[in-house]
2 protein chains.
Amino acid sequence: MAPRSDTTLAERKRQLVAEELRNAALMLLATRGFDAVTVDDIVAAAGMSRRTFFRYFASKEDVVVRFIADMGTDVVAELAARPKDEPPSVALRHAIWRPLAGCADQPDHAERSRIVVRLILDTPALHARWLERQIHWRAGLTAELAARNGLDPDTDPYPHLAAGMAMLALDAVLQQWQPGDDEQRLAELTDHAFAVVAPALDRPSVGAPGRVIDSPGRRQVR
Amino acid sequence: MAPRSDTTLAERKRQLVAEELRNAALMLLATRGFDAVTVDDIVAAAGMSRRTFFRYFASKEDVVVRFIADMGTDVVAELAARPKDEPPSVALRHAIWRPLAGCADQPDHAERSRIVVRLILDTPALHARWLERQIHWRAGLTAELAARNGLDPDTDPYPHLAAGMAMLALDAVLQQWQPGDDEQRLAELTDHAFAVVAPALDRPSVGAPGRVIDSPGRRQVR
DNA sequence: GCATGTCTTGACACTCAGTGCCACCAACGG
DNA sequence: CCGTTGGTGGCACTGAGTGTCAAGACATGC
């Protein structure tokens with residue numbers, strides 16, 4: 001019996017178990033709060049063993065953060081797919097939209113995502129892990145931006161800063177995400193955030209290789 | 001017996017113990033790496049009990065991160081002290097310079113600080129905690145920027161994003177910090193980073209209360 | 001001198017996160 | 001029928017972090 005397309009039965013089983021664990025975890029964490037729920041509570045709710053939990057998730061934080069982080073595995077791919085002559089602000093806006101679109105695709109799924117986002121932003125331990133995930137995206141974006149503009153990310157801070165500003169915009173949107181906001185509202189928030197950072201994203205080097213800093217080493221030591 | 005100025009003997013003793021613990025911890029962590037050192041190792045080196053360690057530091061991460069984070073307790077104060085008519089990019093540059101100046105004040109202290117910074121940036125767990133600390137600074141800067149420009153931080157993303165960009169610049173400097181760099185070199189790196197983000201910092205509302213967004217999503221009142 | 005208060009410390013026990021190890025039980029292929 | 005493979009549960013262990021308590025240091029009042 002040939003496995004359906006590219007997923008084997010075993011893989012689908014794994015997926016199923018992971019989803020069950022994740023659902024039980026999110027349910028408990030969202031209602032009781034992060035610290036008030038132990039891994040034993042989660043596995044008891046999911047009807048599995050403690051050991052199995054850690055085979056699917058690296059840590060208790062991992063369950064929550066991956067729920068959002070998995071949606072952004074292809075931010076870099078999206079950026080790479082944008083036309084090369086597009087201004088960085090526009091290309092980055094499209095890249096950042098990927099995870100947001102993943103959050104908001106179905107209305108019921110959107111509300112669930114929003115609750116998880118709030119849980120992350122309000123729980124220090126989760127927030128820290130979330131930021132750590134962002135660092136990976138940021139590194140990918142940095143490399144892609146450097147390649148795009150022919151810059152050396154080790155000597156020129158622009159790619160690193162531009163990627164950082166894109167993540168800032170994403171953060172601002174998630175922070176402002178209110179109950180009941182639909183996809184269009186999220187798009188508005190995204191546009192609004194990018195309007196602020198765009199001057200820094202598009203100014204330095206639209207196509208010119210040599211960037212000009214009009215205030216290099218202002219010699220303003222103290 | 002009047003205590004010396006505003007510090008009592010007990011307080012100075014506490015300070016001494018904390019410093020001893022911190023020195024032992026940094027010594028071990030910097031040489032062996034974060035995960036290879038247990039709290040028991042640290043307290044054994046400092047000649048104290050495990051329990052005492054946790055009376056002075058909330059966690060193993062805390063020892064390392066506080067070493068840098070304590071230097072930035074007054075970034076917000078510095079921003080508040082800058083003249084009101086100064087452009088945000090300049091005022092923020094001075095605010096961010098505070099912790100950097102604290103790192104680089106004495107040459108021997110600078111090298112030690114640089115090693116700790118590298119340890120933080122290279123250790124995921126520490127990096128995450130460091131970013132979490134940054135969020136507190138960022139919240140303070142956001143409030144101060146909002147007050148400064150007469151903006152509502154809940155509806156206008158500018159203060160939040162501007163504060164974030166300042167932290168990005170700080171991050172970029174720390175990332176590029178090389179062995180042997182002196183204070184002037186750090187100042188150059190800071191200027192360089194701020195030159196990139198300045199267009200976004202100064203464009204939106206240098207003094208005018210009404211900000212103009214020329215992009216879709218303008219005039220969104222709610 | 002002696003009792004009394006506070007403050008700090010060390011020691012013990014405990015919870016919980018996370019890991020290594022091994023035995024068990026399916027599904028598959030000779 | 002048997003060996004292999006892969007997922008699972010049970011168990012023990014390390015390590016972080018916390019609560020509690022008794023003991024010592026020190027200042028104060030009788």
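Chain letters run A, B, ... following the sequence lines, proteins first and then strands; every chain starts at 1. Just so we're clear, the structure is a prediction, and the values are computed from it rather than from any experiment.
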Side-chain N or O of A:Tyr56 versus OP1/OP2 of D:dG7: is the shortest distance under 4.0 Å?
no
C:dG10 OP1/OP2 closer than 4.0 Å to side-chain N/O of B:Thr52
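So the side-chain polar atoms of B:Thr52 do come within 4.0 Å of the phosphate oxygens OP1 or OP2 of C:dG10, strictly under.
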Let me have a per-nucleotide readout for nucleotides 11-20 of chain D, 5' to 3', with B, S or -, counting only protein heavy atoms under 4.0 Å.
B---SBBBBB
Less than 3.5 Å apart, which donor and acceptor atoms pair up between the side chains of residues 13-30 of chain A and the rest of the protein, not counting sequence neighbours?
| residue | atom | partner | partner atom | Å |
| --- | --- | --- | --- | --- |
| A:Asn23 | OD1 | A:Arg112 | NH2 | 2.9 |
| A:Asn23 | ND2 | A:Glu19 | O | 3.3 |

Does B:Asp41 come within less than 4.0 Å of B:Lys60, counting only side-chain N to carboxylate O?
no
Quick one: bend of the helix from C:dG1-D:dC30 to C:dG30-D:dC1 from 5 pairs per end, to 10°?
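So the angle between the two local helix axes works out to 20°.
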Side chain to side chain contact (heavy atoms under 4.5 Å, CB included) assessment of A:Asp191 paired with A:Arg93:
CA-CA 8 Å; A:Asp191 285 336; A:Arg93 204 226 94 122; 2.4 Å; yes
So how far is it from [X] [atom1] to [Y] [atom2], rounded to the nearest 0.5 Å?
X: A:His136; Y: A:Leu141; atom1: NE2; atom2: CG; value: 13.0 Å
X: B:Gln176; Y: A:His160; atom1: CD; atom2: NE2; value: 9.0 Å
X: A:Thr123; Y: A:Arg129; atom1: OG1; atom2: CZ; value: 13.5 Å

Would you kindly give the CZ-to-P distance between B:Arg12 and C:dC7, to the nearest whole Å?
18 Å
A:Ile42 CD1 - C:dG18 C1' separation (whole Å)
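From A:Ile42 CD1 to C:dG18 C1': 13 Å.
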Describe, in one word, how the ring planes of A:Trp137 and A:Trp130 are oriented to each other, choosing from parallel (under 30°), tilted (30 to 60°) and perpendicular (over 60°).
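Judged by the thresholds at 30° and 60°, the geometry between A:Trp137 and A:Trp130 is perpendicular.
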Report yes or no: does A:Thr52 contribute a side-chain atom to a donor-acceptor pair with the main-chain N or O of A:Met48 at less than 3.5 Å?
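Absent.
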